[in-house]
Q: 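Questions regarding the structure given below will be posed in turn.
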Amino acid sequence: MIVAIALGVATPSPEAAQAFPAEPALLPSLPYISELSKSGLTSEMFDRPVKAKANLVSLFSTEDYPLESIRNREAGTVAVVLRVGRDGRLVDCVIEQSSGYPALDSQTCRVLWLRARFVPARNKDGVPVESAWRQRIRWELPEPKPTPFKPWSIRIALEFIKGGGVLACNVESSGAIDASQ
């Protein structure tokens, strides 16, 4: 006995499948977020001229969006204070104003910790000194676009033996279905 089974499924187009990456870039967990009171920041640090080597917003990409936040449709603005060392690297990242979502807050500091670099501030004698930098990062989910689906099918032929087991299984055809027919 041969039984033909036709299965139909809808698969997203390649453009739709790339709307969000399957897994965003994974960044390591780092001990970087302090409470403002424990950060060692002083008001004088904000008066020292420090310069970012790049626009800090440009350091972020859609691949950095936490998967958890994408699933939960979380968006918001994170205000951070960055403590910059004498070498131009971050010494600390302090959440000054939360987005309301811990995943976005911590990812903001992770990205900045790994990518942000500064030309260090200098004192009146030209010696590099620690300084502080304020930054706001806005996390926005793109508006979802309608997902165009292409119908797809597979036809499988099963041959059974009398006792009910499967003797043979063959794929007779598979592929996209021409919706214009």
Q: Once you round to the nearest 0.5 Å, how far does NZ of K162 lie from CG of L167?
A: 13.5 Å

Q: I'd like to check the side chain to side chain contact (heavy atoms under 4.5 Å, CB included) partners of D87; sequence neighbours left out, ordered by chain and number.
A: R89

Q: Could you report the tightest heavy-atom contact between N55 and V57, atom names first, then the distance?
A: OD1-N, 2.9 Å

Q: How long is the straight-line distance from OG1 of T77 back to CZ of R136, given to the nearest 0.5 Å?
A: 5.5 Å

Q: Measure across V78 and S99 and return the closest heavy-atom pair with its distance rounded to 0.1 Å.
A: CG2-CB, 3.6 Å

Q: For R138, is the CZ atom crowded, meaning more than 12 foreign heavy atoms sit under 6.0 Å from it?
A: yes

Q: Does some side-chain heavy atom of F160 sit less than 4.5 Å from a side-chain heavy atom of V166?
A: yes

Q: For F60, which residues count as a side chain to side chain contact (heavy atoms under 4.5 Å, CB included) partner, sequence neighbours excluded?
A: D64, T108, V111, L112, I137, W139

Q: Provide the closest heavy-atom pair for G76 versus L104 in the form atom of the first, atom of the second, distance.
A: N-CD1, 4.0 Å

Q: Please give me the minimum heavy-atom distance between P120 and G85, naming the atom from each residue.
A: CB-O, 4.1 Å

Q: Just to verify, which of L90, V50, V91 counts as forming a side chain to side chain contact (heavy atoms under 4.5 Å, CB included) with L82?
A: L90

Q: Quick one: does any side-chain atom of R48 pair with a main-chain N or O of E130 as donor and acceptor, under 3.5 Å?
A: yes

Q: Does N123 reach the main-chain N or O of D125 with its side chain, forming a donor-acceptor pair under 3.5 Å?
A: yes

Q: How close do F118 and K53 get, heavy atom to heavy atom, and via which atoms?
A: O-CE, 3.7 Å

Q: Please give me the minimum heavy-atom distance between L59 and R115, naming the atom from each residue.
A: O-NH1, 2.7 Å

Q: Output all residues satisfying side-chain hydrogen bond (donor to acceptor under 3.5 Å, both in side chains) with E44, sequence neighbours left out; order by chain, then residue number.
A: T42

